[in-house]
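Have a look at the structure below, then the notes.
Worth knowing before you read on, the calculation uses all heavy atoms, side chains too, and leaves out hydrogens, waters and symmetry mates. Here is how names work: the chains are called A, B, and so on, in the same order as the sequence lines, proteins then strands, and each is numbered from 1.
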Amino acid sequence: MEVDWNRIEEKWQRRWAESKVFEADPVPKGKRTGKKEKGLLVTFPYPYLNGRLHLGHAFTCLKADIYARVKRMQGFNVLFPFAFHATGEPIVGVAERVRKGDKEQIRILVRGGVPEEEIEKFKDPRYIVEYYRREAIEDVTRIGFSVDWRRQFTTIDPCYNRFIEWQYLKLRERGYVSLGTHPVIWCPNCESPTGDHDRLVGEGVSYVEFVLLKFELDGAFLMAATLRPETVFGVTNMWVNPDATYVRAKCNNEFWIVSEDAVPKLRAQGKQVEVLESFKGSFLVGKLCKNIVLGNKVPILPALFVNPSNASGVVMSVPSHAPYDWAAIKELRSNPALLNKYNVSVDVVKELKPISLIRTEGLGENPAVEAVDNAGVTNQLDPRLEELTKEIYKKEFHKGVLNENAGKYSGMPVRSVKRVLVDDLITENKADVMYECADTVICRCNTKCIVKILENQWFLRYSDPEWKEKVYRLLRMMVILPEEARNAFESTIEWLEDKACVRKTGLGTRLPWDREWIVETLSDSTIYMAFYTLAKYFNLFNIDASKLTPEVFNYVFLGEGSLEEVASKSGLDEALLETMRDEFEYWYPVELRVSAKELVFNHLTFFLFHHVAIWPEDKWPRKIGVNGMIRVEGEKMSKSKGNFITMREALNKYGADVTRIGLAYAAEELNDPDWRDKEVQGLKRRLEALYDFVVNLPPTKPLDREIDRWLRSRLHRRIKAATENYESLKTRSAIQECLFNIWNDLRWYMRRTNEYGDILREAVKTMVLLLAPVVPHLCEELWEKMGEKTLIVTEKWPEYDEKYFNDVVEGKEALLENLVNDIREIINVTGKKPTRILLFVAPRWKYRVLEEAVKEKEGLVKRVMQTPEVRVHGKEAVKYAEKLMKELPPVILTQEEELDAIKSALSFIGREFEAEVEVSLAERSTHEKAKVAEPLKPGIYIE
RNA sequence: GCCUGGAUGGCGGAACUGGCAGACGCAAGGGACUUAAAAUCCCUUGGGGGUCUUCCCCCGUGCGGGUUCGACUCCCGCUCCAGGCACCA
C-alpha cells in the first residue's frame with residue numbers, strides 16, 4: 001500500500017504544534033517531587049548560518065532529538081532548544097563579496113537555492129543571518145525535531161551580546177582571561193593573521209621556532225639560525241650565501257648581522273631593528289667569527305644552499321651531523337676555484353674536520369659524513385640531502401645521546417636537551433629565538449606571509465594547570481558516549497594552551513572592557529545552553545537588552561546579589577527576575593550535548609572549561625555524545641565533490657521519517673554514517689511494509705500457549721535492549737532491535753501458528769512505541785490507526801519485566817528452528833522429496849551426560865562412566881562425552897521438554913514440508929537415526 | 001611531523017572481561033504468490049576442497065612477529081585511511 005508521507009508528516013507536525021507538546025516549562029515549584037519532575041536539557045551545537053542545513057547537521061541533531069523523545073516518553077520533562085550561530089567572518093565575507101558583485105559568490109548562492117530577487121539583500125550580513133535562520137527553522141520543523149521554538153536566538157541578538165559580555169567579565173574577574181603575546185602567521189599586506197582558509201598557498205602550514213646563536217664578528221653578532229641548537233658543539237665553520245644581501249643592524253642594544261630579508265620579520269617579532277649598512281654575503285666570506293659558546297674561532301664560507309629568506313639567512317656548519325654541511329665542504333674542496341674567487345685559501349677548507357657530538361646506536365661517529373659519502377653525493381644542491389637530513393635527525397633525536405664534546409650537557413639525550421640548552425643560552429645572552437613559517441605561506445591577497453608576534457591580545461588561559469585540573473575532574477564525573485571518545489578529551493585538555501579569544505573583524509560581541517576587540521566565534525559559544533533557559537522571557541516580553549546588566553546575570557545564573565537591588569538597578573521586575581532564576585535552576589545542568597567528533601578538540605572541550613570556570617559543580621554538564629561525520633555513497637560530503645545534500649533536498653526526496661531512519665540507522669558511536677540511497681530506499685520499503693501490516697493487523701484473541709509466551713519473552717528482551725541502546729545514543733542498534741528483530745520475531749510467530757494471540761497486537765503496539773523516537777510521524781499515524789486517542793510523543797515508554805523472560809520456551813523454539821533447518825538441509829543434500837519424516841528424541845542417558853557436562857567439564861568422561869545408566873553404552877557414551885568436552889550446545893532442555901516441544905509442533909513441521917511427521921524416543925526404536933540423536937539434535941529420517 | 005580514532009564477505013557493519021568470526025541490514029541469486037509487475041513470504045550467499053542424512057577438512061578479521069590450550073580481541077614492529085593541530089566555523 002502507498003503511504004502518503006507528506007500528508008502524514010504535515011498532519012502530525014500540525015497536531016504537535018497545536019498541542020504545544022514540545023514547549024517545555026518548569027514543573028510548578030510545589031510539584032517537583034521526584035527525578036522525573038526535574039528538567040532535562042538536551043542540546044545540539046547551534047549551526048552557523050552561512051548556508052542551509054545539511055545532512056551532517058541533521059545526523060547529529062537527530063541523535064539529540066531521538067534521545068529527547070525517548071526521555072520525554074519516559075516521563076521526563078525534556079527541553080530541546082535550538083538557536084543560530086552568526087558570529088565571525090564568513091557571513092560578513094559573503095555580504096562583502098555580494099556587495100562587490102562577485103559573480104562566483106552570487107552563482108554559489110543561487111545554486112544553493114537563494115532566489116535571484118533575494119541576492120540584492122545579501123549585501124547586508126544581518127539579512128543573510130535572517131534568511132538562513134528562516135530556512136533552517138523550516139527544515140528543522142519539517143524533519144520533526146521536537147524543538148521548543150520560544151527559546152530561539154541568534155548570537156548577534158542584543159540580549160545575547162549582553163550575555164557574552166557578562167561571561168567575559170566574569171572570566172576576567174576570575175583570572176581566566178588575560179593579555180598575552182603569541183606568534184601567528186601574518187600577512188603584512190592585510191595586516192591580520194592569515195588563517196588556513198585565507199591562504200592561497202600553504203594550507204596547514206604552521207610556524208617553527210629557530211634558535212639564533214650568536215657568533216661574534218667585529219663587535220657584532222653573526223646570527224646563525226638553527227633548529228638543532230645542540231649542534232653548536234660541533235660547529236666547524238659558518239655558511240652565508242655569497243650572492244645574498246646581508247645587513248649590519250642595531251637590534252635592541254646589540255649589533256646583529258642577518259640577511260636583509262630577516263629584518264622585517266625580526267621587527268614583526270618585537271625587535272627594534274635599525275639597519276646600519278648592507279653588503280653582499282661575499283663580503284663576509286673568509287672572515288673568522290667566534291663561537292661564544294666554545295670560545296673558538298671558525299671561518300665564514302660561501303654556500304649556495306643557504307636561503308637568505310629563511311630565518312636569519314646565516315647557517316652554522318656541523319658536518320658531522322648535517323649532510324648539507326658535509327656536502328658543501330666536499331664541494332668546496334673539489335672546487336678550489338670557487339674559493340679563490342673569494343680569496344679564501346683551499347687549506348682553510350681542507351683543515352675542517354667534522355666534530356662529532358652525538359652518539360647514536362646504529363649510527364657511526366660522523367653520521368652525515370658516512371651518509372653523504374655512501375650515497376655518493378658531491379653537490380650541496382643534491383635533492384637527496386633533504387632525505388638524508390631527515391633520516392639522521394630522526395634517529396639522533398630519538399636515540400641519540402650527547403657525547404663528551406658537549407661539555408656539561410654530555411650524557412643527555414638529544415630528545416630532552418634542546419629546551420634546557422636554549423634556556424641556558426638565552427639567559428647567558430648567547431642566543432635568541434626567531435619564528436619562521438615552516439613552509440611557504442601565501443595570503444589570498446598574494447602576499448608572502450611571515451610570523452608576527454601579536455602583543456597585548458586577550459587570551460583564555462586554558463594552559464592554567466588549576467583550571468585544567470577542574471576540567472579533568474568534571475570529565476571524570478561525566479558520561480561520554482561512546483566511552484572511546486574520552487581519550488580525545490583527555491589529550492585535548494592536556495595539550496590545550498592559551499587561546500586568543502578576540503578578533504578585530506566579523507560579527508559578534510565587543511569585549512566590554514576593550515571595545516576594539518570582538519569576542520571570537522568559538523569563544524562565545526561555550527555556555528550558551530544556559531541562555532536558552534532565559535531566551536524564552538527575552539522573546540516573550542521583548543526585553544530591552546540594556547536592562548541586562550551583569551548584575552542581572554549574576555543574580556539569575558549564580559544567585560548573587562539581592563533581588564530588590566538587582567531589580568531596581570536593572571529596571572526588571574522582581575517577579576520576572578525570580579522566575580528566570582528558577583527557570584535556570586530548573587533546567588541546569590545540561591543533561592546531554594551531542595556533537596560530531598571534529599568538535600571534541602575545540603568546542604566541546606571549551607564547553608567544559610567554561611562551565612567549570614563559571615559554575616559550581618552541581619551545574620556542570622552530565623553527558624556528552626560524540627558521533628561520526630556524514631558521508632554520501634562512501635565519500636566525504638562536500639560542495640566541491642558535488643555530493644552535498646541539504647536537509648531540504650533530503651526532505652523533498654525522502655520525507656521526514658525516511659530521512660530520519662536513514663540517518664539514525666546509518667551509524668552509531670564514532671563511526672561515520674554513510675548515506676546510501678539504496679539503503680535508505682530499503683528502509684523506506686520496510687516502513688511501508690510496517691504500515692501495511694499494522695493497518696491490516698489480523699484479529700487476535702486471548703491465548704497463552706507456549707508460542708505466545710515465547711513472543712512475550714522475546715518482546716520484553718527487545719524492549720530492554722532497545723531502551724538501553726537509545727539511552728546510549730546507539731540508534732542503529734535500537735532500530736535493529738525494535739524494527740528488524742521484533743519484525744523477525746513476528747514473522748516466526750505467524751509462521752508457527754495460524755491462531756493469533758493478543759500478544760501479537762501487544763507486540764505491534766510496543767514496536768510502534770519503540771520506533772516513535774526515530775519515525776515519529778509514521779508512528780503517530782499507526783498509533784491512531786490502532787484506535788489510540790493519545791499522542792504518541794507523550795505516551796508512556798514500554799517497560800520490560802524480567803519475569804517474562806522465559807529460557808525454556810525460547811530454548812524450545814530455538815530447537816524447532818534448528819530442526820526445521822536441519823530437515824531442509826537433509827532434503828537439499830539428498831534431493832529427496834519427503835512424504836514422511838521420522839524424528840527421534842535422544843535417549844535419556846545422553847541428557848544425563850549433557851547435564852554433567854554443563855555442571856563441570858573437567859573429568860567428564862571418567863565421571864559419567866561411573867554411572868551405570870551411562871556405562872552400559874560403552875564406547876558410544878565415551879564418544880558423546882568427548883564431543884561435549886569440545887563444544888556444548890547453546891541451550892539446554894530436558895528430554896521431556898524436547899519431546900513436548902516437537903510433539904506440539906508436529907503439524908507445523910508437517911506444514912513446512914508437506915509431509916507426515918512422527919516423533920518418538922530413541923530408546924524405543926532400533927532405527928539407525930535413533931542412534932545418532934543427541935539432545936537438541938533429534939535424529940531425522942526422511943522417506 | 002605530532003595528537004586521537006580506525007582497517008572484518010560484493011557493500012554497510014556486529015562480536016560483552018581472550019572462547020563456535022561474519023549478528024542485523026543492503027545487494028545478488030533461486031523459489032512461492034500474482035494475469036503481470038511491485039510489495040510480501042520462503043531459501044541460498046566469506047574462499048577452497050571432500051567419501052555430503054542433521055556433515056567433515058583446509059584457509060580467512062590491513063601487513064610481519066610474539067604471548068596463550070585458544071587471539072578480530074592482548075603485546076612489539078610496520079602500512080594505509082579519517083579527524084584534529086588553535087587566531088577558522
Identity of whatever pairs with [N] - Watson-Crick or G-U, under 3.5 angstrom:
N	answer
B:rC16	none
B:rU54	none
B:rU68	none
B:rA36	none
B:rU44	B:rA28
B:rU4	B:rA82

What is the nucleic acid contact for [X], judged by heavy atoms within less than 4.0 Å: base, sugar-phosphate only, or nothing?
X	value
A:Arg732	base
A:Asn671	sugar-phosphate
A:Gln457	base
A:Glu497	base
A:His182	base
A:Val600	nothing

Between A:Phe740 and B:rA23, do the rings stack, that is, sit under 5.5 Å apart with planes less than 30° off each other?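 Here the ring of A:Phe740 and the base of B:rA23 are not stacked, as the 5.5 Å and 30° limits are not both satisfied.
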
From C-beta outward on [X], which listed nucleotide comes closest to its side chain: [options]?
X	options	result
A:Glu598	B:rG6, B:rC42, B:rG83	B:rG83
A:Tyr665	B:rU54, B:rG25, B:rG84	B:rG25
A:Ala500	B:rU54, B:rA86, B:rC87	B:rC87
A:Lys636	B:rC3, B:rC41, B:rG83	B:rG83
A:Ile940	B:rA39, B:rU54, B:rU4	B:rU54
A:Ala689	B:rU40, B:rC87, B:rG5	B:rU40
A:Pro90	B:rU54, B:rA82, B:rA89	B:rA89
A:Arg685	B:rC52, B:rA86, B:rC26	B:rC26
A:Arg751	B:rG13, B:rC42, B:rG83	B:rC42
A:Ser491	B:rA86, B:rC3, B:rC87	B:rC3

Taking A:Glu668 first and then A:Arg732, would you say they form a salt bridge - that is, a charged N and a carboxylate O separated by under 4.0 Å? no

Less than 4.0 Å between a side-chain N and a carboxylate O, is that true for A:Glu483 and A:Arg486?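 Salt bridge: yes.
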
For [N] and [X] - does any side-chain N or O of the residue sit under 4.0 Å from the phosphate oxygens OP1/OP2?
X	N	value
A:Arg676	B:rC11	no
A:Arg824	B:rU54	no
A:Lys678	B:rG12	no
A:Trp743	B:rC41	yes
A:Asn487	B:rC3	no
A:Asn744	B:rG25	yes

Contact nearer the 5' end of RNA chain B, comparing A:Ala667 with A:Ile826: A:Ala667

RNA chain B: A:Val829 or A:Tyr462, which has the more 5' nearest nucleotide?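 Nearer the 5' end of the strand: A:Val829.
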
Aromatic ring proximity [X]/[Y], centre distance under 6.0 Å:
X	Y	result
A:Trp675	A:Tyr654	yes
A:Phe609	A:Tyr176	no
A:Trp743	A:Phe693	yes
A:Tyr462	A:Phe606	yes

Quick one: A:Phe459 CZ to B:rA86 C1', roughly how many Å, whole number?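 Rounded to the whole Å, the gap is 10 Å.
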
A:Ile837 CD1 to B:rU54 P, straight-line distance once rounded to whole Å: 15 Å

Does B:rG9 count as syn, meaning its glycosidic angle lies within 90° of 0, or as anti? syn

